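Beneath this line is the structure, given in structure tokens, with notes to follow.
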Protein chains: 2
Amino acid sequence: MAGQPQAHYTPGQAQHLSPTLPSLPVAATLTSAKNRILRRKEHLFHAGEPLSHPYRVMAGVFKSYVVYEDGSEQVLGFHLPGDLIGFDAMVGRTTFCAVMALDTASVRQLTTAELASLYCKGGESEQSPSHCSAAEVSDSHLHSPVIHSMYDEILRLTRLLHMERGCSTTSRLASFLLEYAEGQSRRGGSRLTLHLPMKRRDLAGYLGLATETLSRAFSQFRDQGLLAVNTSDIEILNLAGLEAIAAMGPAASLHSQRNSE
Amino acid sequence: MAGQPQAHYTPGQAQHLSPTLPSLPVAATLTSAKNRILRRKEHLFHAGEPLSHPYRVMAGVFKSYVVYEDGSEQVLGFHLPGDLIGFDAMVGRTTFCAVMALDTASVRQLTTAELASLYCKGGESEQSPSHCSAAEVSDSHLHSPVIHSMYDEILRLTRLLHMERGCSTTSRLASFLLEYAEGQSRRGGSRLTLHLPMKRRDLAGYLGLATETLSRAFSQFRDQGLLAVNTSDIEILNLAGLEAIAAMGPAASLHSQRNSE
DNA sequence: CGAAACATTGATAAACATCAACACTGGTGG
DNA sequence: CCACCAGTGTTGATGTTTATCAATGTTTCG
């Protein structure tokens with residue numbers, strides 16, 4: 001269904017916006033930083049909206065997703081404090097995915113100056129952003145956080161793809177939990193106590209599972225003593241065990257009764 | 001199938017930049033275009049190799065793939081003549097995936113000038129690129145073919161992901177064939193006669209299937225009169241039928257006997 | 001020619017989705 | 001405050017898709 005040639009709005013139409021751009025007046029400069037607070041289920045933006053400056057998540061968690069013609073929803077990722085939102089979505093100045101707050105959250109839209117600084121600060125030695133030679137092109141541009149942000153996204157999607165193919169339900173969930181825990185601890189949070197503000201439905205969508213299957217996987221981890229589960233609050237009781245399952249790939253099914261300790 | 005060949009570069013623009021070319025601290029400048037011919041199974045590069053300049057496919061077909069620690073291989077895409085290879089792989093100057101020729105093929109490595117031209121050509125009315133104000137930053141950079149190349153890759157992976165989740169074997173294969181046919185015809189080839197130089201194993205890997213399942217899907221299409229199949233040469237006999245199956249999503253299984261006409 | 005890689009077909013079973021029933025939660029209004 | 005309701009999460013039973021195992025036919029290439 002994805003390969004749809006020319007149906008509706010498939011997020012694959014990037015070609016249209018490449019060579020001949022309407023002479024967009026350069027993005028409105030944004031001089032004062034704008035903060036914005038969102039409630040649960042409130043959208044930061046929808047798909048197809050213009051977006052001149054990206055956001056940085058200050059608090060809370062967001063999910064980004066695409067809705068296809070048939071109504072099915074593809075969850076692309078979750079965004080925690082510190083993450084940039086909108087870089088990969090704003091090519092052509094129009095977002096291709098929607099972003100929604102999962103609980104009360106706040107963002108800060110980057111000012112033009114901050115944006116410029118991000119663009120030009122990639123190179124280690126900070127040259128002034130006021131010249132743009134061909135030489136730099138293959139250097140600072142490639143190393144700019146913008147490129148890296150998109151590059152990381154490609155890597156993440158590649159891994160997600162690989163995981164969906166080779167890995168069982170349980171190792172997918174284990175991987176996600178470990179990654180999430182890692183992200184939390186990088187931000188100064190706890191490494192073993194997770195708060196998952198997304199609904200089971202969203203998490204299942206992200207992992208490519210039915211909600212029932214996801215629920216069963218949680219229950220299995222609970223029964224095996226790996227996790228303490230309380231809907232959106234998870235405690236990791238056996239980190240090594242989880243890591244073993246995450247690494248196990250396709251071998252670890254819901255039915256194989258091989259108790260890893 | 002990755003980088004769209006949307007931009008046929010025009011070498012004229014390179015002159016704008018030449019004045020500042022010398023200050024290249026990094027990548028060796030590449031002044032003369034290098035062509036290279038590869039045989040079947042020969043690698044253009046492996047993962048982890050340094051790569052200063054991307055390639056353009058001139059003839060033949062390539063596959064890009066990643067090999068994971070456990071030895072499993074993830075096919076990321078196939079690259080047809082006109083495609084750029086290495087843009088998304090060369091961030092940080094080191095490739096993250098390997099690229100292999102599937103049959104006799106040739107590439108042309110972009111020169112520094114061509115690369116620069118690609119980078120700066122995004123904006124329509126190009127003012128001299130020798131200043132890089134914050135305003136331009138959010139304009140020409142975002143519209144550069146480099147960003148677009150990576151952006152397209154993200155969209156392609158997103159679609160692939162969505163397809164793997166929601167779509168049955170048959171609709172995945174149908175989508176792929178249609179997309180491939182479309183790509184061939186864009187390049188001036190036939191729209192209904194496909195040559196698939198990749199092995200079943202690679203195609204199955206790309207689509208996330210077992211080779212047996214893929215083979216069965218081909219057989220089913222043959223039995224239904226949709227395709228004439230001769231291993232690597234495919235003829236589309238019923239385009240509308242294929243499109244119907246591609247659009248059908250998860251409903252189209254190998255077992256459901258609903259003959260679409 | 002012969003061996004190895006590849007492709008196809010069949011039988012079986014595993015993993016997961018789906019359907020269905022039920023429990024829990026949180027918010028609303030009586 | 002309680003009853004109610006809708007949304008959500010869990011658990012069980014069943015069905016289907018597709019991976020896996022196995023066998024055979026086919027192509028490729030030394």
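What you see is a predicted model; the values in this text were computed from it and never measured. Computation of the quantities below employed the complete heavy-atom set of this structure, encompassing side-chain atoms and omitting hydrogens, waters and symmetry-equivalent molecules. Quick note on labels: first sequence line is chain A, next is B, and so on, each numbered from 1.
The A:S168 side chain lies nearest to C:dC16 when the options are C:dC16, C:dC6, D:dT20. Comparing D:dG9, D:dT18, C:dA17 by their closest approach to the side chain of A:R200 singles out D:dG9. Picking from C:dC16, D:dT8, C:dT9 the nucleotide with the shortest atom distance to the side chain of B:S215 gives C:dT9. Of the candidates D:dT8, C:dA7, D:dA19, the closest approach to any side-chain atom of B:T231 belongs to C:dA7. If you check C:dT8, D:dT8, D:dA13 against the side chain of A:R216, the one that comes closest is D:dA13.
For A:F96 and B:Y151, the gap between ring centers is short of 6.0 Å. Taking the six-membered ring for Trp and the full ring otherwise, the centers of B:F62 and B:Y55 sit at least 6.0 Å from each other.
Where B:S219 and B:K41 meet DNA chain C, the nucleotide closest to each residue was compared, and B:K41 sits on the side nearer the 5' end. Heavy-atom distances to DNA chain D give each of B:L214 and B:K199 a nearest nucleotide, and the one nearer the 5′ end belongs to B:L214. If B:G208 and B:R40 are placed on DNA chain D by their nearest nucleotide, the residue sitting closer to the 5' end is B:G208.
Taking atom CD on B:Q220 and atom P on C:dT9, their separation rounds to 12 Å, with Å as the unit. Rounded to an integer number of Å, the gap from B:L196 CG to C:dA7 C1' is 14 Å. For the pair A:E164 CD and D:dA19 C1', the interatomic distance rounds to 16 Å; values are reported in whole Å. One atom, CE of A:M198, and another, P of D:dT8, lie 15 Å apart when rounded to the nearest Å. The distance from atom CZ of A:R165 to atom P of D:dT20 is 14 Å, rounded to the nearest whole Å.
Comment: A:R156 engages A:E153 in a salt bridge, judged by a side-chain N to carboxylate O separation of less than 4.0 angstrom.
At C:dT9, one or more side-chain N or O atoms of B:R222 fall inside 4.0 Å of OP1 or OP2 (strictly under the cut-off). For C:dA17, one of the phosphate oxygens OP1 or OP2 lies less than 4.0 angstrom from a side-chain nitrogen or oxygen of A:T213.
Between the side chain of A:E212 and the base of C:dC16 there is no donor-acceptor pair of N/O atoms closer than 3.5 Å.
Considering only heavy atoms from C-beta on, A:E179 stays 4.5 Å or farther from A:Q184 through its side chain.
Heavy atoms from other residues, nucleotides or ligands lying under 6.0 Å from CD1 of B:I37 number 12 at most.
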